[in-house]
Amino acid sequence: MGGGACFIRAPLGAASVLYCEVADALSCLMVNGAEELVSRVIRFRIQGCADIRFPLIMALPFCARHRGNYRTIAVKVVDGERRASYLIPATTEGTYGGQRGSFAEVKVYSLGLFAVVSCLKQEHFTVPRRGLSHKPPVDSRICLDYPPGSFTAPVLVQYTIQPLDAVLLAGVKMKSEAYRRVVSTSPLLCLAHPSSQPLRRPLTVTLPCPPNPDKKKDTRTQWRDMERLLPLTAAKPVMLNSSTQSSKENPAELLTVLGATHQQWIVPEGIAIRSHQNGLVSFDLMENFDRLLVVRLLSPLQSCHLTSLAEDLVDSTRRHLVTVVLQHHQGQPRVILVVVLPSRELSWELSRLQAGGDEATLETSPEICMQEGDQLVLRLCGNITCAGLRANEHGVLNERITFHSQRRNELLVHLTEVDPFGNYSSPHYKGVVVFYKATRGQAEWGGDKAAQLDVEHLGEPVCTLPLTLPKRIRSIRQPVTPRVTLSERTDSLPDSLLLWLSGELSEEEIGPLALSLRLRRSATQMVKLRAGDNLPGQAFRILTMWRRELPASQVQPKAPQLARCLARSGRPDLARELLLRQAATTVTLK
């Protein structure tokens, strides 16, 4: 069974009872920790009480823009009890449905929610009683040396390594003047030892912590100046912790070890730090820490600042600065595209949006700090609101934008005026769109959906952007009778009906429908380029393009035409539903 969202190989007969749907609205609940979503969220169910034979072979397409040696690809599974598990793909490249690309292929033994995530590599090894010296495959500079007799029995050790690059450190140093004394840090080492087996011999840890290349000159003079500044009283050991040692490569620099247990960072006492060549440092431990970090300093730093530094560094690995962009197309003034972009990619993305074809106006917000899985809630105020069924009576969109750093985060919003006679002194209707942030921790399960908090519980808005909507030109030369107006409204296809139909079409059904509507191939390709991965957006643009290109003098109703095209493209069920909804709209108008 294949589709645009995934491909499945299953026993004969499984296709008739296996139900698959896209559940991107739950993406905020599919990530935690340092995970990053790189695919759509798919839900699989079995219709009725049918039984199928496992395992199934599933291939989920994904797009990971940033991988690196420290990260890996896994398929995350959340079952009906909301328990999460991870599957390691047998392969991440292949050809499915005639397309070659990145696909995570796994064997499935149960159904539920599936998504591909990029996560830190979790490695493990066993320490025998005779000891072991282990170097992680992702970074051979790191070494964990367990001497003989470290444990009374063989012990399984799990660990992950989180790199802390210079750009991330530079951003953290801007938060506090005290942080400016930090030269560099080691990678963040997360260790998991069994609590039932305490260390009996000291564990030697070797980590890279590069010196400052600009500070290697005149080190003797700098060291004398620092000694002169240090207090000459008994307070000196308080400032210079016993786990802080000077670097042999540069005596003007100090080295400090920080450890965390149960998310609580401390500066442990009595740890001797040894400096080696090529920026390597080593130290011995006699107690278990969940996380370890080495900091290189220009001058001593108090313990409270060091622990705050470690917390800020960990938070910064999961935070992203983003910018909200509103795109208005002159050809479609009543439709705006809301895009949430990482600020580091803003220039390139703005150029790409401007090159979309039609002249477009872009509104950008100030930078907003967001984590993977955080959401932006939209609220429209003023004389502009949302068209169709996408907003409630308060102007709050039912669909929210969930931020994922490696996916395209966008929302197509259809606008209409609240008061057609408002803003009488302006050629435009005026309004604003207000954005509120809902953090990942505020997302909860609400049955099969993500429970959404009201705007009143989300605090202050994170940004506000202006909206304008050109007024319709009203002709007064030829009066229109009520009968003619009713005929035009009855024969036309409203945006709300096309929005519903757009959400019902899958990727493999959009192409045949465009051919049945006799749209030019170049036009449909341009639609896909502008709409990107947003399938409902692609379908809506194709349908509105077809509606716009119909001759103005044509008196044949549009709904039956569209219904015939749907039937020819293989969806007679949607054709019947379209006619029923159109008939209900006509009765309402009468």
Side-chain angles (χ1 to χ4, degrees), residues 29 31-36 70-71 76 82-86 117 119-127 134 136 142 144 146 150-153 155-164 168-169 172 175-176 179 182 185-207 209 241-244 255-271 273 281 283-295 301-319 371-374 439-444:
L29 299 168
V31 289
N32 55 29
E35 297 171 356
E36 297 176 353
Y70 297 90
R71 303 189 74 86
K76 188 171 184 177
R82 301 171 188 169
R83 295 170 299 191
S85 59
Y86 298 85
V117 296
C119 51
L120 293 174
K121 290 182 179 178
Q122 187 176 64
E123 306 284 351
H124 64 274
F125 59 92
T126 301
V127 180
H134 177 79
I142 299 175
L144 300 174
Y146 294 86
S150 296
F151 301 103
T152 58
V155 163
L156 179 66
V157 178
Q158 294 180 330
Y159 67 93
T160 59
I161 300 172
Q162 171 73 65
L164 306 175
L168 186 144
L169 177 61
V172 172
K175 296 183 178 181
S176 172
Y179 294 168
V182 180
T185 68
S186 70
L188 181 64
L189 177 63
C190 300
L191 277 174
H193 291 100
S195 57
S196 60
Q197 289 284 340
L199 280 167
R200 299 170 62 88
R201 299 285 301 277
L203 161 65
T204 302
V205 180
T206 303
L207 295 173
C209 188
N241 192 280
S242 60
S243 63
T244 303
L255 295 167
T256 299
V257 176
L258 291 93
T261 305
H262 304 299
Q263 309 296 325
Q264 184 68 39
W265 285 94
I266 64 170
V267 181
E269 297 285 341
I271 296 181
I273 308 172
V281 298
F283 51 92
D284 297 334
L285 288 178
M286 275 301 296
E287 56 182 315
N288 289 338
F289 287 102
D290 301 332
R291 299 178 181 182
L292 290 170
L293 180 68
V294 177
V295 179
L301 197 60
Q302 293 182 356
S303 297
C304 59
H305 294 309
L306 287 169
T307 55
S308 297
L309 171 69
E311 293 171 356
D312 289 340
L313 284 170
V314 173
D315 288 341
S316 297
T317 60
R318 302 174 185 176
R319 296 187 180 275
Q371 291 192 60
E372 183 81 9
D374 286 353
T439 63
R440 186 172 66 186
Q442 292 174 312
E444 296 179 354

Hey, what do you get for [atom1] ([X]) to [atom2] ([Y]), rounding to the nearest 0.5 Å?
X: C119; Y: E36; atom1: SG; atom2: CD; answer: 10.0 Å
X: L164; Y: L313; atom1: CG; atom2: CG; answer: 5.5 Å
X: I266; Y: T307; atom1: CD1; atom2: OG1; answer: 10.0 Å
X: F283; Y: L255; atom1: CZ; atom2: CG; answer: 10.5 Å
X: Q158; Y: E123; atom1: CD; atom2: CD; answer: 10.5 Å
X: K121; Y: Y159; atom1: NZ; atom2: OH; answer: 10.0 Å

What I'd like to find out is whether the side chain of [X] reaches to under 4.5 Å of the side chain of [Y], using heavy atoms alone.
X: V314; Y: R291; result: yes
X: E372; Y: E35; result: no
X: L144; Y: V205; result: yes
X: T256; Y: L306; result: yes

Do Y86 and Q122 have side-chain atoms, one donor and one acceptor, less than 3.5 Å apart?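 Note: Y86 and Q122 side chains miss the donor-acceptor criterion.
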Does either side chain, that of D374 or that of T439, offer a donor lying less than 3.5 Å from an acceptor on the other one?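 Short answer, no.
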Identify the two heavy atoms, one from [X] and one from [Y], that lie closest to each other, and give their separation to 0.1 Å.
X: A84; Y: K76; answer: CB-CE, 3.8 Å
X: A310; Y: W265; answer: CB-CD2, 3.6 Å
X: G373; Y: V31; answer: CA-CG2, 4.1 Å
X: P268; Y: I271; answer: CG-CD1, 3.3 Å

Apply side chain to side chain contact (heavy atoms under 4.5 Å, CB included) to residues L285 and L292 and explain how you reach the verdict. CA-CA 10 Å; L285 288 178; L292 290 170; 3.5 Å; yes
side-chain hydrogen bond (donor to acceptor under 3.5 Å, both in side chains): which pairs involve residues 308-319, sequence neighbours left out?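 Matches after skipping sequence neighbours: Y179-D312.
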Mind listing the side-chain donor-acceptor pairs of residues 186-203 below 3.5 Å, one per line with the distance, residues two or more places apart or on another chain?
| residue | atom | partner | partner atom | Å |
| --- | --- | --- | --- | --- |
| S186 | OG | V294 | N | 2.9 |
| H193 | NE2 | Y146 | OH | 2.6 |
| Q197 | OE1 | T152 | OG1 | 3.1 |
| R201 | NH1 | P148 | O | 2.9 |

